[in-house]
Number of protein chains: 2
Amino acid sequence: MELQAAKQKFIQSWGALGSSWGINRTMAQIHALLLVAPDPLSADEIMEELQISRGNANMNIRALIDWGLLFKTLKTGDRKEYFIAEKDMWEVMKCIITQRKKRELEPMLKVLDEISAVDGNAPEDQEFEKVIQDIKLFSSKADASLDTLLKADSNWFIGTFLKMIR
Amino acid sequence: MELQAAKQKFIQSWGALGSSWGINRTMAQIHALLLVAPDPLSADEIMEELQISRGNANMNIRALIDWGLLFKTLKTGDRKEYFIAEKDMWEVMKCIITQRKKRELEPMLKVLDEISAVDGNAPEDQEFEKVIQDIKLFSSKADASLDTLLKADSNWFIGTFLKMIR
DNA sequence: CTTTGGTTTCAATTTTTTCAGAAAGTTTAT
DNA sequence: ATAAACTTTCTGAAAAAATTGAAACCAAAG
C-alpha cells in the first residue's frame, strides 16, 4: 500500500470508528489527520485536507482541545495557530476514558442515587431495591477502578495486563 | 420517591444512557424494564408498558437475546414467550464488553493490519509507521486484556480492583 | 481608529438514526 | 389443512445529530 493511500485509509477508518467510540466522525478524522501529520497543521490546512467547513473544523478542534487530545502551537512570526495531536496512546486512552466516564458513568450514578431514595418497603419492593443496589455497587466500583486506572501510569498498565494475559 | 415513579425513572434513565453506551434507547429501556420486573413479561406486555410498536419491540428483544442480555422462558400451557433479563451485573457487563469489543476494537485492529502493509520506506514514512505501530501495540494489548477480563470471574474483578482502589 | 488575519457563534440544512405500522412469514395446536 | 398467536422484514415518517455558510467578533499592526 502507498503511504498516501495508507494515511487516507487510516483517517477514514479512524473517523468511521470514532462514531462507535462516542466521538463524532469529524472529530475523529481531525485527530487522525494530526496523528499522522509530520508537522503541525493550521485550521485552514485541516479544512482543506478533510474538505470540511470552517465552523465544523473550528468546533471540533475546540472539542479536541477540551478533551486534551490536541494542543495549539505557534510559529514565530506567524499569527496563525497550529495544532498537534497528543501522540502518546496511553495519554489518548486516558483522555477518552475521562470523557466517557463523565458522560456515561457519572450520570448513571447520579440517577441511581436519586432512585434509591425510594421509600416504600412492601415485600415486592425488595426485588427492585436489590437490583438498584447491585447496579449501584457495580457502577461505583467501575467508577473507582477507572479513576485508579487514570492515575496509574503507562508502565503499570502494561505490567499488570501483561501479567493478566499470561 | 414512590416505587412506581422510581421504576419509571430508572427505565427512562437507563434508556437515555443507553445511547451513549452504544445501545439504542428502546433496547436499553426493554432491558431496564425487565431488570426491575418481578416476573417475566411477554412481548405484548413490553409493548404496552413502553408504548412501542410490535416491530420495534420484536427487533430489540431479538437483539437483546443475541447480546445475551435476555432469555426466553415459557409458561406451561401458554404459547406466548416470556422474557427475563440477565440480572447479574457482572454478566451484563461481560455481554456489553463482548459486543463493544467486537464492534469497536476488532475492526480497528483489522484496519491497522491492512495499513501497516505500507511499503514505502522514505525517512518521512518512519513517523507514520511508528504511530501506526504504537496504536497497534496498544490496541492489541487492550484487546487481549479485555479477553482476559471476560474469562475472569466476578470475584477476581472485585478483588483486583478493590486492591487497586486502596 | 481602521484594516487584516483569524476565530467563534448560530440559524438553516443535510445526513443519519430510530421507529411505527403494514404486510408477509412462522410455528403450533386442533 | 386451517386458524390463531407470534415473529420478521419493509418502508416512509419523524426525530436527532452533524455540517455548512455567513455573519459577528477579536486582537494585532499600521
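Basis for what follows: all heavy atoms, side chains included, without hydrogens, waters or symmetry-related copies. Chain letters run A, B, ... following the sequence lines, proteins first and then strands; every chain starts at 1.
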For [X], what residues pass the side chain to side chain contact (heavy atoms under 4.5 Å, CB included) criterion, not counting sequence neighbours?
| X | answer |
| --- | --- |
| B:Lys72 | B:Arg62, B:Ile65, B:Glu81, B:Phe83 |
| A:Lys80 | A:Ser42, A:Asp44, A:Asp78, A:Tyr82 |
| B:Asn56 | B:Thr26, B:Ile52, B:Ser53, B:Asn60 |

Write out a two-atom table: protein N or O, nucleotide N or O from nucleotides 13-19 of chain D, distance below 3.5 Å.
| from | atom 1 | to | atom 2 | distance (Å) |
| --- | --- | --- | --- | --- |
| D:dT19 | OP1 | A:Thr26 | OG1 | 3.1 |
| D:dT19 | OP2 | A:Thr26 | OG1 | 2.6 |

Whether A:His31 and A:Trp14 hold their rings parallel, tilted or perpendicular, with breakpoints at 30° and 60°: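 If you compare the ring of A:His31 with that of A:Trp14, the planes turn out tilted.
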Using atom names, set out every protein N or O paired with an N or O of nucleotides 6-8 of chain C below 3.5 Å, distance rounded to 0.1 Å.
| from | atom 1 | to | atom 2 | distance (Å) |
| --- | --- | --- | --- | --- |
| C:dG6 | OP1 | A:Lys80 | NZ | 3.3 |
| C:dT7 | OP1 | A:Glu81 | OE1 | 3.2 |
| C:dT8 | OP2 | A:Asn58 | OD1 | 3.3 |
| C:dT8 | OP2 | A:Asn58 | ND2 | 2.9 |
| C:dT8 | OP2 | A:Arg62 | NE | 2.7 |
| C:dT8 | OP2 | A:Arg62 | NH2 | 2.6 |

- request: Scan residues 8-37 of chain B for pairs that pass salt bridge (Lys or Arg N to Asp or Glu O under 4.0 Å), counting only residues two or more places apart or in two chains.
  value: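 Sorted result for residues 8-37 of chain B: A:Glu114-B:Lys9.
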- request: Start with the C-alpha distance between A:Asp134 and A:Lys130, add both sets of side-chain angles, then the distance that settles salt bridge (charged side-chain N to carboxylate O under 4.0 Å, His left out), and finish with yes or no.
  value: CA-CA 6 Å; A:Asp134 257 26; A:Lys130 178 161 175 359; 3.5 Å; yes
- prompt: Can you tell me how far CG of B:Leu35 sits from CD of A:Glu127, rounded to the nearest 0.5 angstrom?
  reply: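 That separation rounds to 9.5 Å.
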